[in-house]
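Working notes, beginning with the structure itself.
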Number of protein chains: 2
Amino acid sequence: MLFVSKDPVVSRSTLKRLPLYLHLLEALLAQGVECVSSTQLAREFNFNPTQVRKDLEVTGEVGKARVGFRVAGLVVRIRDFLGWNSTHDAVLVGVGNMGKALLGYKDFEKYGLNIVAAFDKDVRKVGATTFDREVLPLAQLPKFIKRTKVHIGILTVPAREAQPVVDLMLAAGIKAIWNFAPAPLRIPAGVILENARLTQSLAVLTSHLTHQN
Amino acid sequence: MLFVSKDPVVSRSTLKRLPLYLHLLEALLAQGVECVSSTQLAREFNFNPTQVRKDLEVTGEVGKARVGFRVAGLVVRIRDFLGWNSTHDAVLVGVGNMGKALLGYKDFEKYGLNIVAAFDKDVRKVGATTFDREVLPLAQLPKFIKRTKVHIGILTVPAREAQPVVDLMLAAGIKAIWNFAPAPLRIPAGVILENARLTQSLAVLTSHLTHQN
DNA sequence: CTTTTATCGAGAAGATTATATCGATACTTT
DNA sequence: AAAGTATCGATATAATCTTCTCGATAAAAG
């Protein structure tokens with residue numbers, strides 16, 4: 001259950017289900033529930049119990065026959081596995097609506113994400129503070145990344161500006177990019193790209209609506 | 001290439017790639033490019049050409065050997081397939097940071113999404129206008145949905161309020177839910193649920209960062 | 001006009017992901 | 001204490017998704 005260099009043995013599908021389990025498990029923990037079985041978890045999400053066990057296996061937590069898994073143990077293990085027990089600093093570029101929404105999202109600290117600075121190329125936005133963070137001019141981005149050794153870049157700029165900003169980030173040493181811009185990005189192997197593009201999500205919705213008459 | 005009742009023969013993966021192709025194709029169209037091959041498209045995204053052809057097949061557009069696909073044809077067909085050439089009205093509940101960001105997202109009209117009203121349970125938010133839309137009290141949601149026959153509900157409320165709001169929406173006849181709340185939702189079969197939960201996306205990012213030492 | 005080449009679509013093969021089966025185990029019930 | 005049962009982990013099977021192969025075809029080159 002390890003990542004072997006560039007080849008993650010844990011599938012993206014599993015990775016996306018882990019936070020779902022975690023949220024539920026934290027609620028159970030708060031209620032004082034001590035153990036939970038894969039059967040119960042599966043029922044909550046309409047998953048298959050075997051799938052749940054396979055997913056949880058990656059965390060290293062082992063269950064007991066006829067009893068299930070320790071809720072507290074799972075919570076810690078999942079959070080550890082996802083890296084949510086340590087802090088990940090990030091810079092955000094593009095203080096538009098989406099950028100502001102992310103800057104204002106308090107819960108990120110629960111997931112170890114710490115947006116340390118925001119940048120914008122629009123001089124009118126620079127200088128103002130948005131949710132306790134000063135907005136810096138884009139020109140200062142490379143220096144800032146190098147100085148603070150921040151690893152994550154959050155991209156909330158319009159489509160046409162996405163690639164140039166990414167290139168700045170990459171040159172300065174960013175290791176992972178969380179992309180909210182509706183643009184395909186070119187990034188070298190080794191850098192992690194996670195797209196959170198609304199249009200992809202929307203496509204699933206509208207196409208289903210369209211085709212069910 | 002049809003949806004047969006509850007069983008979509010087009011995979012979610014394909015559905016999520018179609019908007020990527022579309023964005024690029026629209027750029028090509030603007031540049032006056034007439035034809036494009038699966039090979040070229042594949043190179044742009046680091047996909048496999050066969051996969052691109054399989055994806056495009058669902059739209060009904062057929063290519064020509066040695067030539068490729070008509071860009072203009074693909075653009076129309078993909079947009080048709082995704083339902084982005086018609087208008088889908090939606091209501092949004094939860095005028096927090098994320099809700100405001102979505103209300104302010106101008107590009108939705110390009111995708112046929114039209115947020116007709118916003119609701120919030122916080123009386124202090126009610127009455128104000130956010131991006132040209134008045135914020136209405138949550139109590140009016142059911143009546144509004146029934147009267148306007150809106151099909152899509154966008155959920156941008158805190159986790160604990162998610163399920164109750166969903167229940168209101170379902171009772172009033174909502175057919176599809178776009179969920180941004182970090183909560184697992186219980187919805188009956190037949191209703192479309194698309195999760196756009198930030199934490200799932202974040203999990204992929206932070207876990208990769210964590211496990212690559 | 002013939003050969004070469006790039007690309008298509010269809011179908012086969014391969015890889016990945018999800019589900020089913022089953023012996024072992026730990027708790028409950030009788 | 002023995003029998004019954006729910007659940008585990010391991011392994012096998014099934015389903016899905018991706019990639020490869022190949023004959024057909026349309027344009028370009030010779």
Side-chain angles (χ1 to χ4, degrees), chain A residues 1-4 6-18 20-21 24-25 28 33-71 73-74 77-78 200 203-204 207-208, chain B residues 1-4 6-18 20-21 24-25 28 33-71 73-74 77-78 200 203-204 207-208:
Chain A
M1 300 318 108
L2 293 163
F3 281 85
V4 179
K6 279 174 56 186
D7 190 11
V9 295
V10 177
S11 73
R12 171 167 293 233
S13 324
T14 292
L15 241 26
K16 292 211 165 183
R17 283 189 295 266
L18 288 176
L20 304 183
Y21 303 137
L24 182 66
L25 290 165
L28 292 176
V33 177
E34 292 199 351
C35 285
V36 67
S37 70
S38 61
T39 322
Q40 289 170 269
L41 285 173
R43 199 164 31 230
E44 286 295 324
F45 299 103
N46 275 105
F47 292 165
N48 180 293
T50 308
Q51 183 176 60
V52 174
R53 285 201 294 276
K54 282 256 151 73
D55 286 340
L56 298 182
E57 191 188 359
V58 308
T59 68
E61 184 76 7
V62 294
K64 255 191 196 168
R66 181 63 215 258
V67 177
F69 297 82
R70 285 171 35 249
V71 173
L74 280 179
R77 296 267 200 163
I78 293 176
Q200 290 188 292
V204 178
S207 75
H208 277 95
Chain B
M1 300 318 108
L2 293 164
F3 282 84
V4 180
K6 281 174 56 188
D7 190 11
V9 295
V10 177
S11 73
R12 169 168 294 235
S13 324
T14 292
L15 240 26
K16 293 210 165 183
R17 282 189 297 265
L18 288 176
L20 305 182
Y21 303 137
L24 182 66
L25 290 165
L28 293 176
V33 177
E34 290 198 354
C35 284
V36 67
S37 70
S38 61
T39 321
Q40 288 170 268
L41 285 173
R43 200 164 30 231
E44 286 294 324
F45 299 103
N46 274 105
F47 292 166
N48 180 293
T50 309
Q51 183 175 61
V52 174
R53 285 200 294 277
K54 284 254 150 75
D55 286 342
L56 298 182
E57 191 187 359
V58 308
T59 68
E61 184 76 7
V62 294
K64 254 190 197 170
R66 183 61 214 256
V67 177
F69 297 82
R70 286 170 35 247
V71 174
L74 280 180
R77 297 266 201 164
I78 294 176
Q200 289 187 292
V204 178
S207 75
H208 277 94

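Per chain, numbering begins at 1; letters A, B, ... match sequence-line order. Computed from a predicted model, the values in this text were never measured in an experiment.
Residues that satisfy the side chain to side chain contact (heavy atoms under 4.5 Å, CB included) test with A/Glu34, not counting sequence neighbours, are absent from this structure. Contacts of B/Lys54 classified as salt bridge (charged side-chain N to carboxylate O under 4.0 Å, His left out), with partners at least two apart in sequence or in another chain: none. The salt bridge (charged side-chain N to carboxylate O under 4.0 Å, His left out) test applied to A/Arg43 returns no partner, not counting sequence neighbours. In this structure B/Phe47 satisfies the ring pair (Phe, Tyr, Trp, His ring centres under 6.0 Å) test together with B/Phe45, sequence neighbours excluded. In terms of the side-chain hydrogen bond (donor to acceptor under 3.5 Å, both in side chains) criterion, B/Ser13 has no residue partners (sequence neighbours excluded). Listed by chain and number, the residues in a side-chain hydrogen bond (donor to acceptor under 3.5 Å, both in side chains) with A/Gln40 are A/Ser37 (sequence neighbours excluded).
What separates CZ of A/Arg70 from P of C/dA26 is a distance of 15 Å, to the nearest Å. Rounded to a whole Å, the CD atom of A/Glu34 is 13 Å from the P atom of C/dC27.
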Can you build the contact string for nucleotides 6-18 of chain C? Use B for base contact, S for sugar-phosphate-only contact, and - for no protein heavy atom under 4.0 Å. BBSBSB-----SS
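Across every non-hydrogen atom of B/Leu18 and B/Thr59, the tightest pair is CD2-CG2, 4.4 Å.
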Show me the donor-acceptor pairs within less than 3.5 Å that the side chains of residues 61-69 of chain B make with the rest of the protein, sequence neighbours left out.
from	atom 1	to	atom 2	distance (Å)
B/Glu61	OE1	B/Arg77	NE	3.1
B/Glu61	OE2	B/Arg70	NH1	3.0

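Across the helix from C/dC1-D/dG30 to C/dT30-D/dA1, the helix axis at one end is tilted relative to the axis at the other end by 10° (nearest 10 degrees, each axis from five pairs).
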